[in-house]
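Structure first, commentary second.
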Amino acid sequence: KVIGPFKGEGADPAARVYPPEWEQDFRKSYPSGANVCRWVEPTRNGPVIQKNYGWLDFKFNYQDNSAIYALSHISVPKDTEVLIHLRADDDISLFLNDELVGKYRNRGFNGASRSSWRGPFKNLPDAIRFTAKLNKGRNKLLVKVKNRQGGSGLICALTHEDGSPIPLLMSDAQPAAKIKPVAEEKWKKAIKMRFASRGAARKLDVTVGKLTIVKKTLAGTSRDRRVQWRKYTVRPGFPKDSPSNLFWLRRTVTKKMRDFQIKVELLTDANTEPKFGICFDGEGKKDGLGGLTLIIHPSGKNKIRARLERYDRLLYTTDAITLPKLSRKGSRSLFLERRGSKVWVKIEDTKIFEAVDIRPITNRSRLGFMTWGPQTRIVGIDLRPER
């Protein structure tokens, strides 16, 4: 089954999380731009055509700069280590049983020679390989293709790790298996920080900028944009928009912490939304992108956009998200939760990211915060570390 093309205003379709990543209901359809996205099967003359050698040819209307998903279920009689062979036009993300296996971007030219990682020459599954494990029984295989321009397509094959065929392997396009719920975490009692006095910030290490207590809130008062940010970007004119203040919870607070849940209550100037960043699995130094970084910024009245990055590489982004009208207290509560390789983000009750896949950075546990000036202030921080 195939569905698409999904588009989002101002959002990279490879980094945007669309409905097929959290539900695969063949009865549902989703308006997207000039299209209505529905699950379809390959036919001889439809929007998805399967060539006799396996290539899925996508011919949707208005499919430039879009995301297209292909879903199959693979059954094996016993647990099996496999190689998943792929080629796609253009970029791909591969999910197995609702876990991200990996991503691949078109490499284009390699020195003086063309590296045809995605076609258009021989559309055979010989360019990209991922190792994975199929569980005994039925396994869900979901591939996301980012199409840049023109035609698009995909081919996939599975073998043993030595390249030999897998006996009794079967595939089907029947209704999707339900997504396995992530087990609830039993959190420790929260570490609570309030900023009623100057001494309230003693659990914070400031590496860039300056912190001040203002009317029981914590404000980063520097505006000089000196936080290290996209240090290795060489694109002329690329807007870096560096933060000005970067501070970390003391190493003793987050030592050996892996899973966690954090709530940060943010107060902004009247009629504006917060501009704020949280870095986790971080280095604890002067680089705001020295780990996994969540960035929230305004996008109009009662609207925000969000990004989740690994170092300076974009993992996920959103369209503009409308938030409920500010309450009388004028603050917003930002929640971030990390369990294993999954991340949840919400503001109040509005979901921003829901169980998106990340690759944790091992042997790192620093948790930092950044602001772009005193316009966004912190009322309180509640941290619940792993059990």
Side-chain angles (χ1 to χ4, degrees), residues 8-12 15-18 193-195 204 208-227 229-230 239-247 261-280 288-289 292-309 312 314-338 343-354 356 367-383:
E9 180 184 351
D12 179 354
R16 182 72 164 86
V17 181
Y18 294 106
M193 300 178 64
R194 298 296 181 267
F195 302 101
L204 298 173
V208 183
K210 182 179 179 181
L211 297 183
T212 304
I213 304 294
V214 180
K215 296 181 180 179
K216 297 184 178 181
T217 65
L218 184 69
T221 55
S222 294
R223 303 170 184 260
D224 53 14
R225 299 189 175 187
R226 290 192 177 182
V227 175
W229 196 253
R230 313 202 189 288
K240 292 190 176 184
D241 192 23
S242 306
S244 299
N245 305 279
L246 174 60
F247 45 99
Q261 184 183 72
I262 191 166
K263 170 188 171 184
V264 184
E265 188 175 351
L266 301 170
L267 184 67
T268 62
D269 295 340
N271 300 317
T272 62
E273 295 301 337
K275 188 171 185 178
F276 190 71
I278 300 177
C279 183
F280 54 104
L289 294 171
L292 290 154
T293 305
L294 169 71
I295 306 155
I296 303 287
H297 60 91
S299 186
K301 187 175 182 180
N302 295 335
K303 291 184 178 181
I304 60 97
R305 291 180 186 265
R307 298 167 63 89
L308 186 58
E309 304 195 17
D312 62 351
L314 177 65
L315 297 180
Y316 301 101
T317 187
T318 69
D319 294 334
I321 296 174
T322 301
L323 301 176
K325 188 177 179 180
L326 277 167
S327 63
R328 287 185 178 180
K329 65 179 183 178
S331 64
R332 296 282 196 199
S333 292
L334 170 63
F335 298 86
L336 186 151
E337 181 173 329
R338 198 276 292 284
V343 167
W344 292 256
V345 177
K346 65 179 182 177
I347 295 180
E348 309 295 350
D349 291 325
T350 302
K351 295 178 180 179
I352 309 300
F353 295 118
E354 179 74 5
V356 294
L367 186 59
F369 312 92
M370 65 204 76
T371 68
W372 278 252
Q375 298 86 353
T376 298
R377 304 184 297 280
I378 300 176
V379 177
I381 298 172
D382 295 353
L383 172 66

Sidechain-backbone polar pair: Glu348 side chain, Ser333 backbone, donor-acceptor under 3.5 Å: yes

Student check: side-chain heavy atoms of Leu334 and Leu336 closer than 4.5 Å: no

Where at least one partner belongs to residues 294-305, residue pairs that pass side-chain hydrogen bond (donor to acceptor under 3.5 Å, both in side chains), sequence neighbours excluded: Ser299-Arg305

Qualifying residue for side chain to side chain contact (heavy atoms under 4.5 Å, CB included) with Asp382, from Arg194, Glu265, Met193: Arg194

Inter-residue atom distance Ile352.CD1 - Leu294.CG, 0.5 Å rounding: 9.0 Å

Under 3.5 Å, sequence neighbours excluded: what are the donor-acceptor pairs made by side chains of residues 211-222?
unit_1	atom_1	unit_2	atom_2	d
Thr217	OG1	Val214	O	2.4
Thr217	OG1	Arg377	NE	3.4
Ser222	OG	Lys210	N	3.3

By side-chain contact (heavy atoms from CB on, under 4.5 Å) - contacts of Gln375 (at least two apart): Arg223, Asp269

Under the ring-ring contact (aromatic ring centres under 6.0 Å, His included) test, residues paired with Phe335 that sit two or more places apart: none

Interatomic distance, Met370 atom CE to Phe276 atom CZ [nearest 0.5 angstrom]: 8.0 Å

Spatial distance of atom CZ (Arg225) from atom CH2 (Trp372) [nearest 0.5 Å]: 9.5 Å

pair Ile347-Ile321: side-chain heavy atoms closer than 4.5 Å: no

Close side-chain approach of Pro324 to Thr350, heavy-atom, < 4.5 Å: yes

Distance, nearest 0.5 Å, that separates CD1 of Ile378 from OG of Ser331: 12.5 Å

Test item: Tyr316 and Arg16 side chains (from C-beta on) under 4.5 Å apart, heavy atoms: no

Inter-residue atom distance Ile304.CD1 - Ile296.CD1, 0.5 Å rounding: 4.5 Å

Backbone N/O of Lys240 and side chain of Trp229: donor-acceptor pair under 3.5 Å: yes

Over all atoms of both residues, closest heavy-atom pair of Asn245 and Val227: N-CG2, 3.7 Å

Minimum side-chain heavy-atom gap Leu246-Phe369 below 4.5 Å: no

Charged N-O contact under 4.0 Å between Lys263 and Glu337: no

CZ (Arg230) with more than 12 external heavy atoms under 6.0 Å: yes

Any Val356 side-chain heavy atom under 4.5 Å of Trp344 side chain: no

Inter-residue atom distance Leu266.CG - Ile381.CD1, 0.5 Å rounding: 9.0 Å

Min side-chain heavy-atom separation Glu309-Ile295 under 4.5 Å: yes

Salt bridge Lys275-Asp241, side-chain N to carboxylate O under 4.0 Å: yes

Residues forming a ring-ring contact (aromatic ring centres under 6.0 Å, His included) with Phe195, sequence neighbours excluded: none

Flag, side chain of Thr268 to backbone of Pro274, donor-acceptor distance under 3.5 Å: no

Residues forming a side-chain contact (heavy atoms from CB on, under 4.5 Å) with Thr317, sequence neighbours excluded: Ala11, Ala15, Arg307, Leu314

